[in-house]
Each structure stands twice: as structure tokens, then as C-alpha cells.
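Worksheet: the structure to be examined is printed underneath.
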Protein chains: 2
Amino acid sequence: MKRAKKKVFADFMSQKGLKSTKQRDIILDCFLSSDRHLSIEELYLKLRSKHPNIGYATVYRTLKLFAEAGIAREMQFGDGQTRYEHVSEGEHHDHLVCTRCGHIEEFENETIEKLQDEVANSRGFLIERHRLEIYGLCANCRK
Amino acid sequence: MKRAKKKVFADFMSQKGLKSTKQRDIILDCFLSSDRHLSIEELYLKLRSKHPNIGYATVYRTLKLFAEAGIAREMQFGDGQTRYEHVSEGEHHDHLVCTRCGHIEEFENETIEKLQDEVANSRGFLIERHRLEIYGLCANCRK
DNA sequence: AATGTCAATGAATGTCACTTTCATGATGGC
DNA sequence: GCCATCATGAAAGTGACATTCATTGACATT
Ligand SMILES: [Mn+2]
Ligand SMILES: [Mn+2]
Ligand SMILES: [Zn+2]
Ligand SMILES: [Zn+2]
């Protein structure tokens with residue numbers, strides 16, 4: 001799926017008349033081969049060891065591009081940093097966030113999604129998106 | 001319930017050895033008689049007309065005290081400002097947020113809450129809190 | 001009522017995570 | 001290869017908090 005996302009991004013870029021650069025290639029590769037839910041700072045630091053010449057602003061702008069292209073999603077978990085996670089076409093999930101170690105787990109629940117639709121319908125709301133986050137202690141941190 | 005919350009706050013303050021001041025009284029009164037989901041800035045501006053001598057920092061610190069005392073809750077709706085809403089003992093609700101006009105509606109759904117518990121249990125997570133927000137167009141903005 | 005002590009206030013400043021600017025460098029259509 | 005555009009990154013700007021510190025105020029005590 002790494003290849004598929006690279007294609008999606010390449011198509012988006014050419015369709016927008018934007019250019020392919022070494023930096024963007026490196027950042028995309030690093031993003032796709034990293035854990036999910038990375039902050040700009042984290043990705044920047046991860047890149048820095050191998051590519052000290054890539055600036056923070058470029059990482060920042062490139063992650064925005066990923067989001068625009070639909071291969072990444074911006075997330076806020078309340079830790080003061082914007083995080084980016086991988087997105088696959090048509091896929092959706094919500095999150096369990098550990099308040100002690102920061103571990104993030106993903107889940108899907110079709111019934112919850114349906115109930116949300118019902119709530120929105122009953123109020124005349126047209127849903128664009130939603131966020132459901134459960135905060136607490138992960139299995140490890142409970143021990 | 002305005003009186004009840006004032007009592008809760010007064011008890012919290014005396015139990016913590018903190019002092020009662022004109023500013024805190026005024027801010028509490030203004031907060032309790034305002035719409036829900038106000039930002040610090042909004043409350044500060046609302047106060048400013050009648051009480052131009054109350055500083056931003058005092059509003060900021062006093063809202064934090066309300067949250068500590070359990071009569072207010074900090075919320076992030078992604079508009080870049082922290083919002084505070086009234087909290088009543090034992091009460092919980094989630095939100096529908098209009099992305100066009102900013103209107104915020106509240107809802108409760110016992111079934112969704114139960115399903116969340118199930119999800120957390122199945123992963124060994126111990127829930128501390130959760131947030132569920134549905135973003136979209138409100139009935140008014142759909143017209 | 002005056003005093004003493006410690007918390008409260010608010011103008012100013014600091015912090016932090018973006019966000020934008022601008023001079024310089026790279027890309028790619030012709 | 002030329003050159004109009006786009007991209008880059010160091011530096012500066014922004015905005016919403018968060019903290020500092022000199023001064024003021026609350027209130028228990030005298
Ligand atoms: Mn995720
Ligand atoms: Mn609410
Ligand atoms: Zn954990
Ligand atoms: Zn609306």
C-alpha cells in the first residue's frame with residue numbers, strides 16, 4: 001500500500017501542477033514507513049539524522065500536502081501537537097489514547113457509526129466528519 | 001443551579017485556602033449567566049464593557065479554577081481556542097458542531113456510551129474520559 | 001481601626017507550535 | 001540549455017496561552 005499511496009500523491013501533484021523534489025520524496029518515504037500518528041516535530045527529528053539539510057518548514061508544508069492529497073489526516077489528541085496519520089481510501093477508524101504512555105490504538109465500530117448518523121438525522125444535522133476518542137490507561141499501563 | 005454552582009465553587013475555594021475576590025465573583029457570575037462553550041477571549045470581552053479593569057490573565061486563571069472546582073470543563077473544537085462549558089455533577093454529553101456558523105448542540109446517547117465501554121474492555125483499556133464530536137452543517141445552515 | 005501575612009491582580013513578558021516571508025536554488029516544458 | 005515557476009529553508013511573524021513580578025487586596029489577628 002506504500003506504492004499505492006505514492007501513486008496517489010504523484011497523481012495529485014501532477015494534477016495540481018506541483019513539482020517533484022528530492023525532499024518531498026524523502027519525506028513521503030519516511031512518513032509511509034513510520035508509525036502512525038506522528039507530529040511534525042517527530043517526523044522532522046526522525047529525518048534529521050539522515051537528512052540534516054531538510055528544514056522544518058518543508059516537513060510542515062509537505063505534510064499539509066499529504067493531507068490535501070488524501071493520504072494523511074491531521075489529528076489533535078490534546079497534547080499540544082498536531083499529529084498526522086496514514087489514510088487509506090474509504091477507511092475510517094477512531095482512537096483509544098493512553099494518557100500515561102501516549103500509546104494510540106485504533107478501532108472501528110459500525111454500530112456506533114450508525115447511532116451517530118441517527119443522532120445527527122434527528123437534529124437535522126448533515127454530517128461531514130466526526131471524531132471519537134477514548135482516553136484512559138492502556139493494558140500495559142494498568143499493570 | 002446557578003446558586004448550587006456558586007456554592008460548589010465557594011466550598012472548593014475555602015477548602016483550598018484561596019480567597020474570595022470581587023474579580024472572581026464577577027467572572028463567575030458572568031460565566032454562569034452566559035451561553036455555554038465560551039472561550040477565554042470571549043468571556044474577557046464580554047466582561048470588559050462593564051469591568052474594564054479586569055485583566056485577561058485573571059479571566060484565564062479563574063476559568064482554570066472553575067475547571068479544577070468541577071463547575072467547568074475545557075473543550076477543544078479545533079477552532080484554535082479553548083472553550084469552557086458548564087458542568088453539572090454527574091452529567092455528561094457530547095457535541096454536534098456546525099462547521100459553517102459555529103453553532104454547538106449537545107446530545108446524550110446511552111447506547112453509544114455502552115458500546116464505548118465494550119470497545120475499551122475488549123482492549124484492556126481503562127476509560128478515564130472520552131470525546132465524541134460530530135461536525136457538519138446544522139439544520140439552519142443546510143437551508 | 002490598624003497591622004501583618006500571604007494570596008490575587010494585571011501589565012508586561014515569555015513560550016510554543018505553528019505559519020509566513022523572502023532571497024536563493026531546483027524543476028521541467030520547450 | 002533557457003527560463004518561467006515552483007520549492008526550499010533560515011529567519012521572522014503570529015496567536016493563544018502561560019508566567020513573572022511589583023503592587024494591591026483579603027482577612028485573621030491585635
Ligand atoms: Mn489512527
Ligand atoms: Mn457542551
Ligand atoms: Zn499506556
Ligand atoms: Zn450552522
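Numbered from 1 within each chain, the chains take letters A, B, ... in sequence-line order.
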B:Lys22 side chain near D:dA26 phosphate (N/O to OP1/OP2, under 4.0 Å): yes
Distance below 4.0 Å between B:Lys64 side-chain N/O and D:dA18 OP1 or OP2: yes
B:Gln23 vs C:dG10: side-chain N/O to OP1/OP2 distance below 4.0 Å: yes
A:Tyr56, nearest nucleotide to its side chain (from D:dA7, D:dT8, C:dC18): C:dC18
N/O donor-acceptor pair, side chain B:Lys19 with base D:dC27, under 3.5 angstrom: no
Sugar-phosphate only, base, or nothing, as touched by A:Thr82 at under 4.0 Å among non-hydrogen atoms: sugar-phosphate
Sugar-phosphate, base or nothing in reach of A:Ser39, heavy atoms under 4.0 Å: nothing
Any strand: nucleotide that pairs with C:dG14 via Watson-Crick or wobble, under 3.5 Å: D:dC17
Whole angstrom value for the distance that separates P of C:dA17 from OH of A:Tyr44: 14 Å
Below 4.0 Å: OP1/OP2 of D:dA18 and any side-chain N or O of B:Arg61: no
Under 4.0 angstrom between A:Tyr60 side-chain N/O and C:dT19 OP1 or OP2: yes
B:Arg24 vs C:dT9: side-chain N/O to OP1/OP2 distance below 4.0 Å: yes
Which nucleotide in C:dC18, D:dG9, C:dT9 has an atom nearest any side-chain atom of A:Ile40: C:dC18
Phosphate OP1/OP2 of C:dT27: any A:Thr21 side-chain N/O under 4.0 Å: no
